[in-house]
2 protein chains.
Amino acid sequence: MSTEHTARTSTRVPVGHSASVPGINESVLFAGCPEVIGTPFSYAREEEVYGEGEEAEFVYKVISGAVRTHKVLSDGRRQITGFHLPGDLFGFEQGACNRHTAEALTNTKVLIFKRRQVERAATGSAEVACQLWGMATNDLRHAQDHMLLLGRRSAAERVATFLMEVDERLGGTGTFALPMTRRDIADFLGLTIETVSRTLSQLEEGGALRRVGGRQVILRRARLRRVVED
Amino acid sequence: MSTEHTARTSTRVPVGHSASVPGINESVLFAGCPEVIGTPFSYAREEEVYGEGEEAEFVYKVISGAVRTHKVLSDGRRQITGFHLPGDLFGFEQGACNRHTAEALTNTKVLIFKRRQVERAATGSAEVACQLWGMATNDLRHAQDHMLLLGRRSAAERVATFLMEVDERLGGTGTFALPMTRRDIADFLGLTIETVSRTLSQLEEGGALRRVGGRQVILRRARLRRVVED
DNA sequence: CGGGTGGTTGATAATTCTCAATTGTTGTGG
DNA sequence: CCACAACAATTGAGAATTATCAACCACCCG
């Protein structure tokens with residue numbers, strides 16, 4: 001069961017508005033929508049970006065690092081609903097209130113956009129609104145794929161699927177360092193850390209991957225694919 | 001494990017366009033968008049509305065009856081991603097291709113809208129696009145709640161949550177007939193039919209509900225809530 | 001070096017699944 | 001209206017998977 005997540009009481013909140021950074025460093029959220037510009041902001045490892053229940057004031061784009069969003073039950077059981085890597089947007093899911101907590105996995109740089117501004121841009125431009133619709137639809141697709149994984153796949157299938165997905169999002173080289181702990185993986189896959197660990201060991205035994213000290217993995221993708229088999 | 005769903009090869013598809021039905025029978029999808037009107041259509045119990053992988057040509061609004069959408073693995077394991085009751089829209093989730101199969105639980109009447117038309121309405125009206133965005137966001141919220149259920153809740157919690165949700169969507173009286181089979185419930189909750197059945201028996205023993213012949217249930221909502229406890 | 005965190009492994013327990021048998025429900029035709 | 005078939009739901013016994021509890025190891029960073 002999930003236990004012992006760092007307790008945090010307050011969310012650090014950006015103030016002021018730095019100038020937009022033109023040129024190669026693109027800080028606009030939508031092409032042709034210069035009024036919605038992002039403010040650079042940083043979070044430290046394990047720092048909370050926003051908390052469940054708080055007013056949803058901002059939306060975010062990851063520049064570097066990684067963020068997780070999760071839900072918790074009152075007894076501490078936790079389900080991570082997504083990992084957000086550079087280029088990803090998050091914080092769009094909610095209405096007036098955040099329905100997740102978001103935390104930085106590592107030191108993370110983001111661009112912050114005011115929700116209000118994004119909404120105003122959407123009501124003013126069908127094109128922007130359609131992009132937002134498309135993004136939500138995309139998130140929905142991921143969520144539904146993940147439902148199938150959580151509801152119907154075995155531990156080995158979950159872990160193998162997860163590794164292939166992370167690989168793809170990190171460049172698809174087959175060699176990478178997992179940016180999250182076993183607890184995060186477990187809480188994403190609906191397993192315990194022990195089961196994740198054991199499953200990784202079994203996959204290694206079966207020649208589907210090699211581990212180098214905890215986080216680093218080298219995937220044998222053809223064999224991993226055979227584990228998932230679909 | 002999920003097995004033996006009725007195999008269907010072809011999806012029946014509506015042809016032609018009946019006149020819009022004005023008056024109390026509202027067939028427009030969006031207020032102030034008269035060009036997107038729905039065509040009434042019916043599906044028989046267990047009939048396929050659309051299949052995974054097919055081109056996504058229509059979107060649907062349930063008038064009466066009920067529809068389920070699901071995903072399947074090659075070995076037959078199935079995850080139902082949603083039940084759609086009167087008033088609900090479905091078929092919006094996909095891009096060019098359906099990523100689910102949709103089937104009628106019972107004899108079902110729907111309104112069918114051409115995807116193309118809906119998309120055109122969205123690109124032409126920020127208001128429509130925002131409504132679509134909102135609908136997708138809403139679906140996303142449900143999906144994420146369901147992830148928490150599938151990843152972290154016990155069988156008893158899942159079944160109790162499910163019963164309360166169905167009750168609410170069916171009017172909140174606490175007394176209703178489940179519109180779906182145990183298999184459907186199981187495939188929605190990530191359990192087996194036997195576990196669903198046993199869990200219902202335990203809930204009945206514990207006084208959280210009463211069953212009358214298979215489908216009919218009378219909930220003791222306060223006690224059910226105590227099972228979910230959150 | 002030492003302490004802390006994160007990760008692995010082992011033994012055992014709990015939950016859920018599987019397989020099998022039985023009962024209940026519904027719809028149909030005689 | 002009843003008997004029967006077909007399907008749906010329940011229940012039981014035993015197996016499998018995953019969780020829990022506990023010990024241990026490894027690495028990092030001062």
Side-chain angles (χ1 to χ4, degrees), chain A residues 1-6 45-46 73 75-79 105-107 149-160 163 177-205 209-217 227, chain B residues 1-6 44-46 73 75-79 105-107 149-160 162-163 177-205 209-217 227:
Chain A
M1 205 114 299
S2 315
T3 49
E4 288 307 312
H5 313 113
T6 313
R45 175 168 158 57
E46 294 295 306
L73 297 175
D75 61 2
R77 285 176 287 176
R78 181 176 75 150
Q79 179 65 44
L105 289 184
T106 65
N107 293 343
L149 180 144
L150 292 172
R152 288 302 181 208
R153 307 208 87 137
S154 68
E157 291 172 326
R158 294 183 202 198
V159 172
L163 290 172
L178 288 160
M180 67 286 285
T181 65
R182 296 292 187 266
R183 164 143 304 290
D184 286 335
I185 297 172
D187 286 349
F188 183 60
L189 298 179
L191 301 170
T192 59
I193 54 176
E194 294 93 335
T195 298
V196 170
S197 189
R198 273 187 256 274
T199 303
L200 285 169
S201 299
Q202 283 162 217
L203 289 172
E204 190 164 29
E205 269 179 49
L209 59 86
R210 238 149 44 79
R211 274 180 298 184
V212 187
R215 298 289 183 90
Q216 188 79 14
V217 292
V227 173
Chain B
M1 206 111 299
S2 315
T3 49
E4 287 307 311
H5 312 114
T6 315
R45 176 168 156 58
E46 294 295 306
L73 298 176
D75 62 3
R77 284 177 289 175
R78 182 176 74 150
Q79 179 65 45
L105 289 183
T106 65
N107 293 343
L149 180 143
L150 293 172
R152 289 299 180 210
R153 306 207 87 135
S154 70
E157 291 172 326
R158 294 182 202 199
V159 172
F162 175 73
L163 290 171
L178 288 161
M180 67 288 283
T181 64
R182 296 291 187 267
R183 164 143 306 289
D184 286 336
I185 297 172
D187 286 349
F188 183 61
L189 298 179
L191 301 169
T192 59
I193 54 176
E194 293 93 334
T195 299
V196 170
S197 190
R198 273 187 256 272
T199 304
L200 284 169
S201 299
Q202 283 161 218
L203 289 172
E204 190 165 27
E205 270 179 50
L209 59 87
R210 238 151 43 79
R211 275 180 298 183
V212 186
R215 298 286 183 92
Q216 189 79 14
V217 292
V227 173

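Chain naming here is simple, since letters A, B, ... match the order of the sequence lines and numbering starts at 1 in each. Note: hydrogens, waters and symmetry copies are ignored here, and every other heavy atom, side chains too, is used.
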[N] [atom2] sits how many Å from [X] [atom1], rounded?
X      : N      : atom1 : atom2 : answer
B:L189 : C:dT15 : CG    : C1'   : 16 Å
B:Q216 : C:dG24 : CD    : P     : 19 Å
A:R77  : D:dT18 : CZ    : P     : 18 Å
B:L178 : D:dA8  : CG    : P     : 15 Å
B:D75  : C:dT18 : CG    : P     : 11 Å
A:L191 : C:dT15 : CG    : C1'   : 14 Å
B:E204 : D:dA9  : CD    : P     : 15 Å
A:D187 : D:dA19 : CG    : P     : 11 Å

> How about B:R158 and B:T199: does a side-chain donor come under 3.5 Å of a side-chain acceptor?
Replying inline: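 No donor-acceptor contact under 3.5 Å links the two side chains.
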Margin query: We want to know whether B:R211 and B:S201 form a side-chain donor-acceptor pair, criterion being a heavy-atom distance below 3.5 angstrom.
Written below: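 A pair is found: one side chain offers a donor N or O, the other an acceptor, under 3.5 Å apart.
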| query | Is the shortest side-chain N to carboxylate O distance from B:R182 to B:D187 below 4.0 Å? | reply |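 So B:R182 does not pair with B:D187 through a salt bridge.
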Taking NZ, NE, NH1 and NH2 as the nitrogens, is one of them in A:R77 or B:E157 under 4.0 Å from a carboxylate oxygen of the other?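 Salt bridge flag = yes for B:E157 with A:R77.
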Between A:L163 and A:L203, is a side-chain contact (heavy atoms from CB on, under 4.5 Å) present by the stated rule, with each step listed? CA-CA 11 Å; A:L163 290 172; A:L203 289 172; 4.3 Å; yes
For this session: State whether the side chain of B:Q202 and the backbone N or O of B:A156 hold a donor-acceptor pair below 3.5 Å, judged by distance alone.
Result: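 Absent.
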With nearest nucleotide decided by heavy atoms, which residue, B:G190 or B:V212, maps closer to the 5′ end of DNA chain C?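 That would be B:G190.
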Q: On DNA chain D, check which nucleotide each of A:A156 and A:G213 is closest to and give me the residue with the more 5' one.
A: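 Of the two residues, A:A156 wins.
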Quick tally for nucleotides 1-10 of chain C: nucleotides whose base has a protein heavy atom under 4.0 Å get B, sugar-phosphate-only ones S, the rest -, giving -----SSBBB
